[in-house]
Amino acid sequence: GDSVTQMEGPVTLSEEAFLTINCTYTATGYPSLFWYVQYPGEGLQLLLKATKADDKGSNKGFEATYRKETTSFHLEKGSVQVSDSAVYFCALGFNKFYFGSGTKLNVKP
Amino acid sequence: GAGVSQSPSNKVTEKGKDVELRCDPISGHTALYWYRQSLGQGLEFLIYFQGNSAPDKSGLPSDRFSAERTGGSVSTLTIQRTQQEDSAVYLCASSLETGGVGAFFGQGTRLTVV
């Protein structure tokens, strides 16, 4: 069945470090792919999305590229800030959404 | 409204009681989803409504759980005879059409069964 696997956390980085959170998916068709973010005490927010192969989604300095050949949608940011500390969820969407288990990111000053 | 609204934000109930959780989606969104997030866990799909089609109930964990959507707008998730394992945050989301465009989530209802 359709599913998403993302790297386990927590991930702890120093401010201005490079971030990668790995996400791979299994799907029977060609889904859209998403990254959601959940800041402490807040609800889930859509961070970025890509709707077809080779599309790159970007927002707030974060990027992810839809790679059909490796079934991946890794999240990257060149220089993280303390304010990026949150839980990040990778998801795929057809008519409903399948979410990964979430990766907690801690950024230290 | 401007976003997805859920009520109540917190609910404490005694084991064995019934609870109703409400979701008011973004106006014009035809798709509505319910998910459950247990402490430190990912999101578990419960049910999905799309327009006038029959809902996808494949994620409901038992027959104690049911949901309805009236007039294609407001949805109510009902849990009968609550158990302690039902304690979780129940999230509602809506989207313009199907999952391909992304969904917007409400703040959730934190349910605690004591």
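Labels below follow one simple rule: chain letters A, B, ... track the order of the sequence lines, proteins then strands, and each chain is numbered from 1.
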So for atom [atom1], which belongs to [X], do other residues, nucleotides or ligands contribute more than 12 heavy atoms lying within a distance under 6.0 Å?
{"X": "A/Q81", "atom1": "CD", "answer": "yes"}
{"X": "A/Y30", "atom1": "OH", "answer": "no"}
{"X": "A/E69", "atom1": "CD", "answer": "yes"}
{"X": "A/E76", "atom1": "CD", "answer": "yes"}

Answer with yes or no whether the hydrophobic clustering places [X] together with [Y]; edges join I, L, V, M, F, W, Y residues whose side-chain heavy atoms lie under 4.5 Å apart.
{"X": "B/F105", "Y": "B/Y33", "value": "yes"}
{"X": "B/V19", "Y": "B/V74", "value": "no"}
{"X": "A/I21", "Y": "A/V107", "value": "yes"}

- OH on A/Y98 to CZ on B/F45, rounded to 0.5 Å: 7.5 Å
- Got a second to check how far B/L43's CG is from A/Y36's OH, nearest 0.5 Å? 10.0 Å
- Message: Could you check whether any side-chain heavy atom of B/D56 comes within less than 4.5 Å of a side-chain heavy atom of A/K96, counting everything from C-beta outward?
- Response: yes
- Message: Aromatic contact between B/Y35 and A/F99, with the criterion being ring centroids under 6.0 Å apart: yes or no?
- Response: yes
- Note on the structure: B/Q37 and A/Q38 have their tightest heavy-atom pair at NE2-OE1, 3.2 Å
- Query: Which pair of non-hydrogen atoms, one from A/F89 and one from B/G42, has the smallest distance, and what is that distance?
  - Reply: CE2-CA, 4.0 Å
- Note on the structure: So, the part of A/Q45 with a heavy atom under 4.5 Å from chain B: the answer is neither
- Against chain A, label B/E44 side chain, backbone, both or neither, depending on which of its atoms sit under 4.5 Å from a heavy atom there. neither
- Against chain A, label B/S58 side chain, backbone, both or neither, depending on which of its atoms sit under 4.5 Å from a heavy atom there. side chain
